[in-house]
Peer 1: 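Sharing a structure, written as C-alpha cells. Questions coming.
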Amino acid sequence: MGLVPPRESGEQERLVAAAGGDDLATALAAAPNAFYESRTGQDEAAAVVLGWPADRRRGVLLRLHDEAVRSGGPPRYVVGPLVERLDRGLRWSREDLVWMLHRVRDELALDDGEVYQLPVRVAAALGAADLRGLGPALDGLLTELSRGRLPATLRRDLAARLGLVVERVTAAAVPPQLLHAGDAFGPLARARLAEVLGADGAREVLLHAASLTKPTPSKAWTAAAPADTAGVAGAVLDLFAEFDGALHADNDSLLRGLTCLAALDPGDAATERIGRAAGAAAAADPRWAGYPYAPRTAAAAVEILAGRGGDAPPAVLSRLASTVRNKALLGRVRAGLDRIAAGRAAPTATDGGPEASAVAG
C-alpha cells in the first residue's frame, strides 16, 4: 500500500474508545442480518441509532472499522448497509480517512470486504483538496482490494467506487480498477498499450467491456456498446494472445467483454483474433490442467466461435477439444462443435430440402 501521510491528532482514537458497550451493541443490532437479530429488533435498533448525535454515530463507525481491521471482518454483522444507516448526514475529514488508511496498513487484515467499506465511502465523499497527496495510498488500497479474497460482486462494487476516486485524484488515463496488478497481464497491458488505452474513447470501451456479466451479451448490452471499439478490443486481445499465464477474475471479466466487442466485427480477421484469444484463455498450467487461465474469456470466445462461419471456428474448437481438461469448458467446446456441425448439415434452399419447398411454395 502506498505511503500514508502522518496522522495529526488523536481524535479518532478518543471516538473509538467512547463507542463501545451499549452503543456498539445497538448499532450491530441495527444491521440487516437475519442471522444476528430478529427483524423487530433491527427496526427498533435502527430507530435508536438514527437518533444519535453525529459524533456518536461517527465514533461507532470508526469503532466498526477498527474492529473489522483487527479481526479480519467477522461475518457476524453486515457493515455495508450499517455504514449507510449510520453515515446519514455525517461530515468526514481528511484526518478521518488518513486514520482509516493507517489502520488498514498497520494491520494488513485485507481479506474481508468489511475493512474497505468505510474508507471507500469516506474517500468518495471528500473533495479534491482533502484528497490531495493521498493518490498513492488510495491506489495501493485499490491494489490490495483487487487481491483480497472477497465475494466477486462486493469486490467489483468497492473497486469501481474506489477506482473513480483514484482516477479523480491521479488523473489516470485508464480506470484504475481495470487491468489492475492482480495478475501479470494488467501491468503488461498498461505498459505496452499506453497510447491505445489513453486515447479518446478508450475509457468508455473498457468500462463497457467490464460491465458484461455473462458469456453471451444481451441485446441491450450490445446496443449500448461505444461506437468505436475495435482498436482497444483488438489491441488488448492481441497482446493477451501472446501472454502465457492466469488472469485475475476482474481482468478475465474485462477480456470477456472485449472479446464480445471484437465479435461485433463479422469479418474473418476478427474471427481469427477471437480464435487466438480463445486458445490463450483456455490454456492452463500443466500442473493444474483443469483450471484455464481465463475461464470467462474462454467461455465467451467459444460461444462466439460456435456462431460464426468460415473454417477458423471449427479448427479452433477442435484443437480445444483435444487440450481442454476443465469439464465445464470442454462441454461448451463440444456443444459448439455440435452446433457448427448441425448448422452445416442442415439442408438449404439450394439443396432442394424442406426449406427449398417452403421457398418454392
Side-chain angles (χ1 to χ4, degrees), residues 146 152-153 155-157 159-161 163-164 167 172-180 182-183 185-186 188-190 192-243 247-282 294-310 312-313 316-317 332 336 339:
S146 71
T153 300
R155 185 184 66 247
R156 285 195 299 268
D157 174 64
R161 288 158 54 196
L164 287 174
E167 191 174 2
V174 180
Q177 72 274 22
L178 304 180
L179 292 173
H180 58 60
D183 55 41
F185 181 73
L188 174 68
R190 285 174 173 268
R192 294 267 296 271
L193 304 176
E195 184 174 350
V196 173
L197 298 178
D200 290 344
R203 177 181 184 274
E204 288 69 26
V205 173
L206 293 173
L207 289 173
H208 188 70
S211 72
L212 182 64
T213 59
K214 298 179 181 179
T216 304
S218 66
K219 292 181 179 179
W221 185 90
T222 301
D228 185 11
T229 63
V232 175
V236 176
L237 291 178
D238 287 348
L239 180 62
F240 175 61
E242 304 171 7
F243 184 71
L247 293 188
H248 184 282
D250 294 343
N251 288 338
D252 186 13
S253 294
L254 172 63
L255 262 73
R256 171 175 62 188
L258 291 173
T259 302
C260 292
L261 290 177
L264 297 179
D265 179 352
D268 292 342
T271 301
E272 296 285 349
R273 171 173 285 147
I274 294 166
R276 292 192 297 271
R296 293 176 175 86
T297 301
V302 167
E303 291 298 315
I304 292 167
L305 290 170
R308 291 172 82 92
V316 172
L317 295 182
R332 283 186 180 274
R339 283 168 55 193

Peer 1: Hey, what do you get for CG (Leu178) to CG (Asp250), rounding to the nearest 0.5 Å?
Peer 2: 8.5 Å
Peer 1: What pair of heavy atoms forms the shortest contact from Ala209 to Leu261, and how long is it?
Peer 2: CB-CD1, 4.0 Å
Peer 1: How close do Arg296 and Asp252 get, heavy atom to heavy atom, and via which atoms?
Peer 2: N-OD2, 2.9 Å
Peer 1: By side-chain contact (heavy atoms from CB on, under 4.5 Å), which residues pair with Ala281, not counting sequence neighbours?
Peer 2: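 Partners of Ala281 under the side-chain contact (heavy atoms from CB on, under 4.5 Å) test: Phe240, Ala294, Thr297, Ala298.
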Peer 1: Using the test side-chain contact (heavy atoms from CB on, under 4.5 Å), find all partners of Thr213 that sit at least two apart in sequence or belong to another chain.
Peer 2: none
Peer 1: Main chain of Ala210, side chain of Arg156: is a donor-acceptor contact present, judged purely on distance under 3.5 Å?
Peer 2: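 Not at all, since once roles are kept as given, no pair shorter than 3.5 Å links the two residues.
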Peer 1: Could you name each residue pair satisfying ring-ring contact (aromatic ring centres under 6.0 Å, His included) that touches residues 213-238, not counting sequence neighbours?
Peer 2: His208-Trp221
Peer 1: Would you name the heavy atoms of Leu255 and Leu237 that are closest together and state the gap between them?
Peer 2: O-CD2, 4.2 Å
Peer 1: For residues 197-207, which side-chain N or O atoms pair as donor and acceptor with protein atoms under 3.5 Å away, sequence neighbours left out?
Peer 2:
{"unit_1": "Arg203", "atom_1": "NE", "unit_2": "Glu167", "atom_2": "OE2", "d": "2.5"}
{"unit_1": "Arg203", "atom_1": "NH2", "unit_2": "Glu167", "atom_2": "OE1", "d": "3.3"}

Peer 1: What closest approach, in Å, do Cys260 and Ala300 show between heavy atoms, and which atom pair accounts for it?
Peer 2: SG-CB, 4.2 Å
Peer 1: Suppose the criterion is salt bridge (charged side-chain N to carboxylate O under 4.0 Å, His left out): which pairs have a residue in residues 267-278, not counting sequence neighbours?
Peer 2: Asp238-Arg273, Asp238-Arg276
Peer 1: What salt bridge (charged side-chain N to carboxylate O under 4.0 Å, His left out) pairs are there with at least one residue in residues 211-233, not counting sequence neighbours?
Peer 2: none
Peer 1: Please report the closest heavy-atom contact between Ala189 and Leu239, naming both atoms and the distance.
Peer 2: CA-CD2, 3.6 Å
Peer 1: So which heavy atom on Ala306 is nearest to which on Gly336, and how close?
Peer 2: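 In this case the closest contact between Ala306 and Gly336 is CB-CA, 3.6 Å.
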Peer 1: Check whether any side-chain N or O of His248 sits under 3.5 Å from a backbone N or O of His180 as a donor-acceptor pair, and report yes or no.
Peer 2: no
Peer 1: Atom CG of Asn251 and atom CG of Asp183: how far apart are they, to the nearest 0.5 Å?
Peer 2: 4.5 Å
Peer 1: Let's go through Arg155 and Gln177 carefully: what are the C-alpha distance in whole Å and the side-chain angles of both, what is the deciding distance for side chain to side chain contact (heavy atoms under 4.5 Å, CB included) to 0.1 Å, and is it a yes or a no?
Peer 2: CA-CA 10 Å; Arg155 185 184 66 247; Gln177 72 274 22; over 6 Å; no
